[in-house]
Every structure is written in structure tokens, then in C-alpha cells.
Amino acid sequence: MGRKEVDKCADKHIRITDVSLCEKIDDILRLPNYKSFNKVINDALWYGLDELHRKLFGDKKANEEPPQENAANVNGENMKELKLLLREIILNETLNKQMLSALYRAKSMELRGMAISGKLFEDGRMCETPEYLAETELRELSKLSEEVMV
């Protein structure tokens, strides 16, 4: 077979003929954890060799497609629960945004030497989005609504 045994591992050489595979290897080699071609190939074998072996030698799991969720299977009960959960998420995000905005405004006032009233917090009169973020928020919400319409 012509291989040299090195500490119970085989020293082998490979030729890669698919340019797209070479490009993927080059991308991985740019990552800080991958300083050597050898590490890339060994990790690729570790992640994929078992799957190839199962496919070639008839293991049932290799022939099965992974189960996929079907969006069409959402029934009325599930849809109702999804809507309630989304509303809860939106409510929590809104409350978080208001609290953070109030804290931002208080810190801003403090840094400018202004007096901060606890009554403003209690009345919710400091919870508007800071001006420099309001424009960004509106722009991004507009983009989201355009994406939903498409």
C-alpha cells in the first residue's frame, strides 16, 4: 500500500482537484485556529468521514434525509400560541427599550450636571428613545416592513 506508519497514524498525501474545495480550505486556513493544512483536513475527516462511510456501506441513517419542519403543519392552536408568544416578546422588548432609554436620559442629565427627578422615572416621562437612535430605529423598521411586503 506504500504508506509510512507514524505513531499508529498514516502519513498520506492528497491531491484536491475541485477548485471550490480548495477555496473552502483556503478560507478555513485564514482562521486563527487553523494554522496548518493538516489540521484542516483532519478536522474535515473527523466531521465527515463517518457520514461517508455510512452512505457507502449501507447504514440506514446515511440514506435517510434529516427530518425537516414543515411550516404548513402549523395548525390553528399552534398559530394562536405563536401569536401570543410573539406579543409577549414584543411587550418585553418594548419595556426593555423604555427602561434603557430612561437610564440613558438620566445618565446624560447627570453627566451634564443637571438634577434628576425620581418622579420623572415613576411617571415614565424619560422613556423616549434618544434622538440619535430614533432615526436609526425608524429607518430599520421601514426596511423590515418592506421585506415583509415582498
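Since we're looking at a predicted model, the values are computed, not measured.
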Exercise. Establish, from distance only, whether the side-chain atoms of Ser101 and Arg105 form a donor-acceptor pair under 3.5 Å.
Key: no
Starting from Leu31, can I reach Leu45 by hopping between I/L/V/M/F/W/Y residues whose side chains sit under 4.5 Å apart? yes
Interatomic distance, CZ@Phe37 vs CG@Leu29, rounded to 0.5 Å, equals 8.0 Å
TODO: Could you check Tyr34 against Asp43 for side-chain contact (heavy atoms from CB on, under 4.5 Å), going step by step and ending with a plain yes or no?
DONE: CA-CA 10 Å; Tyr34 288 92; Asp43 281 2; 2.5 Å; yes
Counting only heavy atoms not in Glu110, do more than 12 sit closer than 6.0 Å to its CD atom?
yes
- Side-chain donor-acceptor pair under 3.5 Å between Asn38 and Asn42, yes or no? yes
task = Look at Asp123 together with Lys119 and state whether they make a salt bridge at an N to O cut-off of under 4.0 Å.
result = yes
Worksheet item: Does Glu93 reach the side chain of Ile90, with side-chain heavy atoms less than 4.5 Å apart?
Response: no
When you group the ILVMFWY residues by side-chain heavy-atom contacts below 4.5 Å and let the links chain together, are Met114 and Met126 in the same group? yes
Taking side chain as C-beta onward, heavy atoms only, is Glu128 less than 4.5 Å from Gln98? no
Rounded to the nearest 0.5 angstrom, the OG1-NZ distance for Thr94 and Lys97 is 7.0 Å
(Q) Is it the case that over 12 heavy atoms from other parts of the model lie below 6.0 angstrom from the CD atom of Glu140? (A) yes
Distance col, row Asp26:CG vs Lys24:NZ, nearest 0.5 angstrom, shows 12.5 Å
On a heavy-atom basis, the closest approach of Cys22 and Ile16 is SG-CG2, 3.6 Å
Value for CG (Leu138) from NZ (Lys143), rounded to nearest 0.5 Å, stands at 12.5 Å
Going only through I, L, V, M, F, W and Y residues with side-chain contacts under 4.5 Å, is there a path from Leu21 to Ile14? yes
To the nearest 0.5 Å, atom OG of Ser108 lies from atom CG of Leu103 at 12.5 Å
Here the gap from Ile25 atom CD1 to Asp18 atom CG, rounded to the nearest 0.5 Å, amounts to 9.5 Å
